[in-house]
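For ligands, and for the atoms within them, numbers begin at 1 and follow the listed sequence.
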Amino acid sequence: MSFKTTFEQYDWDTLEKEIYAVTTAEVAQILQKEKIGLEDFKALISPAAKPFLEQMAQRSNQLTKKRFGNTMQMYIPMYLSNECQNICTYCGFSMTNKIPRKTLTDAEILKEVSKIKSLGYDHILLVTGEANKTVGVSYIKHAIELIKNNFSNISMEVQPLDQEEYETLVAAGLYAVLVYQETYHEATYKVHHPKGKKSNFQYRLDTPDRLGKAGIHKIGIGALFGLEDWRVDSFYTALHLRYLQKTYWKTKYSISFPRLRPFEGDVAPKVEMTDSDLVQLICAYRLLDEDVELSMSTRESEKFRDHIIHLGITSISAESKTNPGGYSVEPQSLEQFEISDERSTAEIKAMIQSQGYEVVFKDWDKAYS
Ligand code: SF4
């Protein structure tokens, strides 16, 4: 059993028509409801919901404060490798891009860890390209074991793996896995992932299922906005979330909102997602689900991140480097994509605190394993 069965019950074009046919009267009626369902979510991400943005933002703020308090979780990514055997049209690490490739050694990983710890971080996100020979399961397991005494929470964003491989990594100390579908439009997915293991749409779609079965603590999902219509992709993400929550109910979930960013080679977004669209989407997710963590990266601008803090986001990164060794070893090497908010951790912390939020670097200790 997997999400495939649920996914196949929906048709992209029909969903698109339904979302764009919603009227403002329907949105107004839905916003009277106490409980927002998946069908209602369609209306909240529709163009018809734009006049209700302020109302949605206020409700999102209240729900987030009720569930998460005045807190903002901080995390930082650490890129371990830029080697990759896939072609993804939108990524600086894509196999055909002629860039120097690098995979961090133990000594380099520890040097990066030392710099990251000096910034105060306790939650780390390990990132690699998809290169089985160099950064396969044994490399990742070794990296987790090498750094686990330095962090109380280790997440990763690497190639999709088999269930047994996830079980091995969970046993080694892995807490969460982020795996974005990029787009739920299968034909468009094929266009942007023409070669390599990632070209297998179905294997990627089933990855959160394998993670749920492996007993991971948290799964992060999402779509890369710009490849397809963000509204339809977001409906599928919400559908995926609901399916996972029902099927793997012991697991926590998070959603991220990456928009296409410039990189070496560049791909122009097919469908633009404006700042106002992104605010609408964040609020719609919060109205749909009080518990889901909503995460914001440094892809977004200073101004946008400053304004989004109180609208539903629960975790945020700062001072991110998207190149292996970027914090201490090779600060000048090519990044996966250009970050937009380049402020220091201290500056982001001060910005969050100035808005009345407590900055959380560490939120719990393991009482048992
Ligand atoms: S998105 Fe990931 S899999 Fe695709 S080229 Fe970049 S690093 Fe490789």
Between Glu319 and Thr345, is there a side-chain donor-acceptor contact under 3.5 Å, judged purely by atom types and distance? yes
If we count only N and O atoms by modelled type, under 3.5 Å, do the side chains of His193 and Glu182 hold a donor and an acceptor together? no
By number and element, which atoms of ligand 1 are closer than 4.0 Å to a non-hydrogen atom of Glu130? 3 (S)
At a threshold of 2.8 Å, where the distance has to be below it, does atom 6 (Fe) of ligand 1 have an N, O or S atom of Cys88 nearby? no
Check this for me: Lys303, atom NZ, are more than 12 non-hydrogen atoms of other residues, nucleotides or ligands nearer than 6.0 Å? no
List ligand 1 atoms under 4.0 Å from Lys198, heavy atoms only on the residue side. 1 (S), 3 (S), 4 (Fe)
Compute whether any side-chain donor of one residue and acceptor of the other, for Ser315 and Ser295, lie under 3.5 angstrom apart. yes
Numbered atoms and elements of ligand 1 in range of Gly129, under 4.0 angstrom, heavy atoms: 7 (S)
Looking only at protein heavy atoms, which one is nearest to atom 6 (Fe) of ligand 1, and what is the separation? Cys91 SG, 2.3 Å
Would you say the side-chain atoms of Thr64 and Arg286 include a donor-acceptor pair closer than 3.5 Å? yes
Number the atoms of ligand 1 from 1 as they appear, then name those within less than 4.0 Å of a heavy atom of Ser94, with their elements. 5 (S)
Taking atom 8 (Fe) of ligand 1 as the reference point, the nearest protein heavy atom with its distance: Cys84 SG, 2.2 Å
Is it the case that Gln62 and Arg59 place a side-chain donor and acceptor less than 3.5 Å from each other? no
